[in-house]
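Nothing here was measured: the structure is a model prediction, and the numbers come from that model.
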Amino acid sequence: MEIVLGLVSVTVSKVVQLSGLGANSNVLRAKKMEEKALEVYDVIRSIRDPEKPNTLEELEVVTEKCVVVQELGEDEYLIIIKFSPTVPHCSLATLIGLCLQVKLQRCLPFKHKLEIYISEGTHSTEEDINKQINDKERVAAAMENPNLREIVEQCVTEPDD
């Protein structure tokens with residue numbers, strides 16, 4: 001019986017492979033991940049820079065290419081964002097990462113795990129900052145600080161809110 005089931009499984013796999021159905025599902029999955037990435041980008045592009053009157057999109061701190069989405073399970077996704085501070089010694093890079101965290105936690109309508117990084121080679125202390133912005137306890141502690149919370153709110157609030 002096991003041999004028959006094994007042969008049926010191999011046969012079905014070959015039929016799916018030859019028919020292109022497997023490839024179509026991969027294309028559909030890739031398209032879905034691209035759509036999710038654009039959805040994420042639409043949320044973060046309007047975040048305001050803490051120092052300048054521009055958005056992160058206008059300053060090219062975030063771009064469409066900096067967002068990658070991977071499927072973890074049914075309706076659950078891993079979102080990876082790699083942003084680029086405007087200068088290698090940007091003192092507000094951690095704050096920008098915090099703004100990205102807060103805005104995505106509030107605005108995404110689907111279940112997700114979030115990883116935010118500074119793009120490699122774009123900041124002098126990127127490793128330390130990457131650890132800080134992906135540490136849930138540090139993020140929670142930062143949001144308990146009223147001054148920091150006010151700055152984050154100013155950055156993440158949409159102009160017409």
Determine whether a donor-acceptor pair (N or O, by modelled atom type, separation under 3.5 Å) exists between the side chain of [X] and the backbone of [Y].
X	Y	answer
Thr125	Asp128	no
Asn54	Asp49	no
Asn130	Ile118	yes

Point-to-point distance, once rounded to the nearest 0.5 Å, from [atom1] of [X] to [atom2] of [Y]:
X	Y	atom1	atom2	result
Leu56	Arg48	CG	CZ	9.5 Å
Cys66	Glu57	SG	CD	10.5 Å
Glu60	Thr86	CD	OG1	11.0 Å
Lys52	Leu59	NZ	CG	6.0 Å
Ile47	Gln154	CD1	CD	14.0 Å
Lys131	Glu126	NZ	CD	12.0 Å

**Request:** Please determine which of Glu74, Glu39, Glu71 meets the salt bridge (charged side-chain N to carboxylate O under 4.0 Å, His left out) test together with Lys32.
**Result:**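 When salt bridge (charged side-chain N to carboxylate O under 4.0 Å, His left out) is applied between Lys32 and each of Glu74, Glu39, Glu71, only Glu71 qualifies.
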**Request:** Could you tell me which non-hydrogen atom of Cys155 sits nearest to which non-hydrogen atom of Pro50, and how far apart they are?
**Result:**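 For Cys155 and Pro50, the tightest heavy-atom pair comes out as SG-CA, 3.7 Å.
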**Minimal non-hydrogen separation, Asn145 against Asn147, with atom names** =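 Heavy-atom minimum between the residues: OD1-N, 2.9 Å.
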Side chain to side chain contact (heavy atoms under 4.5 Å, CB included) with [X]: which residues, sequence neighbours excluded?
X	answer
Gln132	Thr94, Arg138
Glu64	Leu38, Tyr41
Glu76	Leu72, Lys111

Check: [Y] and [X] side chains under 4.5 Å, non-hydrogen atoms:
X	Y	result
Val67	Ile44	yes
Leu148	Leu95	yes
Ile80	Gln70	yes

**Request:** Verify the neighbour count for atom CD of Glu127: are there more than 12 heavy atoms of other residues, nucleotides or ligands below 6.0 Å?
**Result:**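 Not buried by this count: 12 neighbours or fewer within 6.0 Å.
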**Request:** Scan for ring pair (Phe, Tyr, Trp, His ring centres under 6.0 Å) pairs involving residues 108-139, sequence neighbours excluded, and state none if there are none.
**Result:**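 Matches after skipping sequence neighbours: Tyr77-Phe110.
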Hydrophobic clustering (ILVMFWY, side-chain heavy atoms < 4.5 Å, transitive) - are [Y] and [X] grouped together?
X	Y	result
Leu92	Met143	yes
Val69	Leu114	yes
Ile116	Val152	no

Listing, residues 98-109 side-chain donor-acceptor contacts under 3.5 Å, not counting sequence neighbours, or none:
from, atom 1, to, atom 2, distance (Å)
Gln101, OE1, Gln105, NE2, 3.3
Gln101, NE2, Ile133, O, 2.6
Lys103, NZ, Ser46, OG, 3.3
Lys103, NZ, Val156, O, 3.1
Lys103, NZ, Glu158, OE2, 2.4
Arg106, NH1, Glu153, OE1, 3.0
Arg106, NH1, Glu153, OE2, 3.2
Arg106, NH2, Glu153, OE2, 2.4

**Request:** Taking salt bridge (charged side-chain N to carboxylate O under 4.0 Å, His left out) as the test, write out the residues that go with Glu34, two or more places apart.
**Result:**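 Salt bridge (charged side-chain N to carboxylate O under 4.0 Å, His left out) check on Glu34 returns nothing, list empty.
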